[in-house]
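Have a look at the structure below, then the notes.
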2 protein chains.
Amino acid sequence: MATSETALQGTSRGASSAAARLRVAVPSVADRVADELRLQLAEGILLPGTRLTESTIAEDLGVSRNTVREAFAELASERLVVRHPNRGVFVASLEPGDIHDVYTVRRAIEVSAIRGGGSPEAVADVRAAVEEGKRAAAANDDEGLGTANQHFHGAIVALAGSRRLNSIMAQVLAEMRLFFHKATLDGHFYSRYLKDNEEICNALEAGELDRAAELMLAYLNRSEEKQAEVHGE
Amino acid sequence: MATSETALQGTSRGASSAAARLRVAVPSVADRVADELRLQLAEGILLPGTRLTESTIAEDLGVSRNTVREAFAELASERLVVRHPNRGVFVASLEPGDIHDVYTVRRAIEVSAIRGGGSPEAVADVRAAVEEGKRAAAANDDEGLGTANQHFHGAIVALAGSRRLNSIMAQVLAEMRLFFHKATLDGHFYSRYLKDNEEICNALEAGELDRAAELMLAYLNRSEEKQAEVHGE
DNA sequence: ATCAAAGGATTGTTGAACAATCCGGAAAAT
DNA sequence: ATTTTCCGGATTGTTCAACAATCCTTTGAT
């Protein structure tokens, strides 16, 4: 349904040897299928609860069922999709309990990352995300405001300089994008957050780590509350 | 090599309907293959760096190559195994940087879990793990000491009552098991930790959360240092 | 109207096939 | 003798086709 006719096969040999020699790891077809689905998930083309049928997706994307299967495994491990044995996979939908759960993870990761301080360059990235948000606000770009906010929190986690922490955060953010669409409609949903972000950034730059951590904690608690009231519950 | 001849097929219909009726989600064959490999990984039968060939594993376990592939995807998402495109999958091996990385995740998660307090039952589970460790020490059971220690940290994370945090911690512990074998040889490797664990548990029961968190942080830092010196660098 | 049986659709798993890629060694060139 | 080139074997990546197991819906019986 409304699936793009993207050419995902591309098994032509053409310039592949050059790519291989340059060690440009060409993502496997399964990976690209997963990417495509991730995109459609983030874009809101595939809404939570939607059933994903192996055969139709395989046809739509011009790949084999087996490959779709591998892509599903990838997405399932990221919790973007849920497998119901013998019934199929469905786009994951966060229930009220999951919202609290996700924020619990964020509190653990983000607060801890702040407490660790981080290199000057990493702090600069946080500042850059704050400025990005300001620009988006000035341009009345709601979409941009949202992504800037995500960049901010990504930069916060990056303070810890941990590959694993980064990827965990990336997953959590991807999960949240899944149900952000409703909320995003409300234009000044993030507007309040702009000031919070800047304040946290200021404290961070000033080396007041405990205060920055405290602010982030409060921020996340308020954010969770807001999310909980927008969604069910 | 040295792979058990476990019967993993079992597609016989016999008593399957009963199981199905009881809604006992029978794990898929791919899942059981993953379980088997996870086991061999934890047991040290498969050492870091070992190459896992699809066809041989498929034969050894009596399943199809495609199924092995799905199992690999699962393990790869848990970082227990690494995929080198077109070259195969290898048992993951933690490099010095990874050790720090893993401990960064643990600091974030465990300290945060402690700061959150947790229900009385959850705290009781922590206490139970401490006692389990004491018993193992009394019995001079090194193996048991190790698992008790893991139970302790699992219980700590469980304080937060977060499904996601639990599964993240489970993965991290699985990763660590991968290279614990060397360390485990040294008998009183954990002996020192026993007292630490109990002290943390005491503080937790007394409601001195900040102190407990502080202790845990120090503990993890010492543990990382020890690991770093046991392994390269 | 309730319940059981039948049918169709989809998933889970297998087996075989083939292209693409990588690795190691033989052959050739310097 | 050392390096380069080339070839062949082995393994992965991907597809296809088939079938059993399971679920969902609809039909049929009480």
For the helix from dA1(C)-dT30(D) to dT30(C)-dA1(D), what angle lies between the axis at the first five pairs and the axis at the last five pairs, to 10 degrees? 10°
Salt bridge present between Arg135(B) and Asp141(B) (N-O < 4.0 angstrom): no
Ignoring hydrogens and geometry beyond distance, is a side-chain donor-acceptor pair present between Thr104(B) and Asp101(B) at under 3.5 Å? no
Quick one: Glu70(A) CD to dT14(D) C1', roughly how many Å, whole number? 9 Å
Take atom CG of Asn66(A) and atom P of dA16(C), then tell me their distance rounded to the nearest Å. 15 Å
So the salt bridge (Lys or Arg N to Asp or Glu O under 4.0 Å) pairs with at least one residue in residues 46-56 of chain B (sequence neighbours excluded) are Glu54(B)-Arg65(B), Glu54(B)-Arg69(B)
So, using side-chain hydrogen bond (donor to acceptor under 3.5 Å, both in side chains) as the criterion, who are the partners of Arg79(A) when residues are at least two apart? Ser167(B)
Sequence-distant partners of Asn86(B), side-chain hydrogen bond (donor to acceptor under 3.5 Å, both in side chains), two or more places apart: none
Between the protein and nucleotides 8-12 of chain D, list the N/O to N/O atom pairs that are separated by less than 3.5 angstrom.
{"unit_1": "dT11(D)", "atom_1": "O3'", "unit_2": "Arg51(B)", "atom_2": "NH2", "d": "3.3"}
{"unit_1": "dT12(D)", "atom_1": "OP1", "unit_2": "Glu54(B)", "atom_2": "N", "d": "3.4"}

Taking ring-ring contact (aromatic ring centres under 6.0 Å, His included) as the test, write out the residues that go with Tyr103(B), two or more places apart. none
On the 0 to 90° scale, with breaks at 30° and 60°, tag the His84(A)-Phe90(A) ring pair as parallel, tilted or perpendicular. perpendicular
Tell me if the aromatic rings of His153(B) and Tyr193(B) count as close, with their centers under 6.0 Å from one another. no
